[in-house]
Structures are given as structure tokens and as C-alpha cells.
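See structure below.
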Amino acid sequence: MTQYYELYRRSTLGMALTDSLDELIQSGHMNPQLAMKVLVQFDKSITEALSSKVRSRATFKGHLDTYRFCDDVWTFIIENPTFRFEHDTVLADKVKIVACNAKKPGDA
């Protein structure tokens, strides 16, 4: 069985899903085991959708404030990044980029 990273659970969509599942558990409409199955399916679906359906490209510049490498995961904190897309430019105060291997360690 392939396991997927849980990175996208902290995205806006993942947090909304988690909050909704928590409400369903608290109201007695769902048990925690089913909620965990939903989150595992979310991990799989979001990973597959992003890798197969997103074709946009972006470039960015900014100040590298912090970087670390632990357990095959790179984390970068970029201050004052400027993202350039095909038709748009987006500015931010800070962005956190987490980069992982496409396959989790131990996957066949």
C-alpha cells in the first residue's frame, strides 16, 4: 500500500476538510476511523491531482531567510518573494516551501 505525505492537510482546503470532519465527529454523525479514512483519501487525491492536472509554471525571487534538510525533506523560508506567472505577478511577505521526494521512503 502506497502512503502519501500529509503536507496538504495544512493547506486552506485541508484545514477546511479537517474542521468539517471534526464537526461531524463532535455531532456524532461520523466516527473517527471514517474521518481518518477520508483524510488518507484526501492525501492521495490531492497529490495525484497536483501531479497530473496542474501544468502552470511560475518563477520566484526573494530573500532566503532559513533552510533546513531533515528526513529527506527540504524546508525553505523565503522573505519578500515575488512570484511571476504567465499573466500575473504576486507579492508576499513570507512563504514556506516544503519539498519532498516524489516517493516516500520505504515505498516500492
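Values below: all heavy atoms of this structure, side chains included; hydrogens, waters and symmetry mates excluded. All residue numbers refer to positions in the sequence shown, counting from 1.
- V73 and I77 fall into different hydrophobic clusters, defined by Ile, Leu, Val, Met, Phe, Trp and Tyr side-chain heavy atoms under 4.5 Å apart, directly or through other members.
- In this structure, OG1 on T66 lies 11.5 Å from CZ on F76, to the nearest 0.5 angstrom.
- The hydrophobic cluster containing M30 does not contain M15, counting ILVMFWY residues as joined when their side-chain heavy atoms lie under 4.5 angstrom apart, directly or transitively.
- In summary, of the residues considered (L7, D72, D71), a side-chain contact (heavy atoms from CB on, under 4.5 Å) with C100 occurs for L7 alone.
- The hydrophobic clustering, which links ILVMFWY residues whose side-chain heavy atoms are closer than 4.5 Å, places L50 and L39 together.
- Checked against side-chain hydrogen bond (donor to acceptor under 3.5 Å, both in side chains), T89 has no partners two or more places apart in sequence or in another chain.
- Summarising the geometry of L21 relative to A35, their closest heavy-atom pair is CD1-O, 3.8 Å, with the distance given to 0.1 Å.
- Here CG of L24 is found 11.0 Å from CG of D19. Values are rounded to the nearest 0.5 Å.
- Interatomic distance, CD of Q41 versus CD1 of I46, reported as 11.5 Å (0.5 Å rounding).
- Residue V98 is not grouped with residue W74 when hydrophobic side chains (ILVMFWY) are merged at heavy-atom distances under 4.5 angstrom, including chains of intermediate members.
- Note that OG1 of T47 and CD of E6 are 10.5 Å apart. Values are rounded to the nearest 0.5 Å.
- Between I78 and G62, the shortest heavy-atom contact is CG2-CA, 3.8 Å.
- The two residues G14 and F42 come nearest to each other via the heavy atoms CA-CZ, 3.7 Å.
- Here the shortest heavy-atom pairing between P32 and I25 reads CA-CD1, 3.9 Å.
- Under the 4.5 Å side-chain criterion, counting only non-hydrogen atoms from C-beta, E79 is in contact with D65.
- From I97, atom CD1 reaches atom CZ of F60 across 3.5 Å, with rounding to the nearest 0.5 Å.
- With a 6.0 Å radius and a threshold of 12 heavy atoms from other residues, nucleotides or ligands, Y67 has its OH atom at or below the threshold.
- For the atom pair CG (L34) and NE2 (H29), the distance works out to 13.0 Å, reported to the nearest 0.5 Å.
- A salt bridge (charged side-chain N to carboxylate O under 4.0 Å, His left out) check over residues 29-49, counting only residues at least two apart or in different chains, returns the pairs R9-D43.
- Counting only heavy atoms from C-beta outward, the side chains of L13 and L17 never approach each other to under 4.5 Å.
- Grouping the Ile, Leu, Val, Met, Phe, Trp and Tyr side chains by contacts below 4.5 angstrom, directly or via other members, places V54 with Y8.
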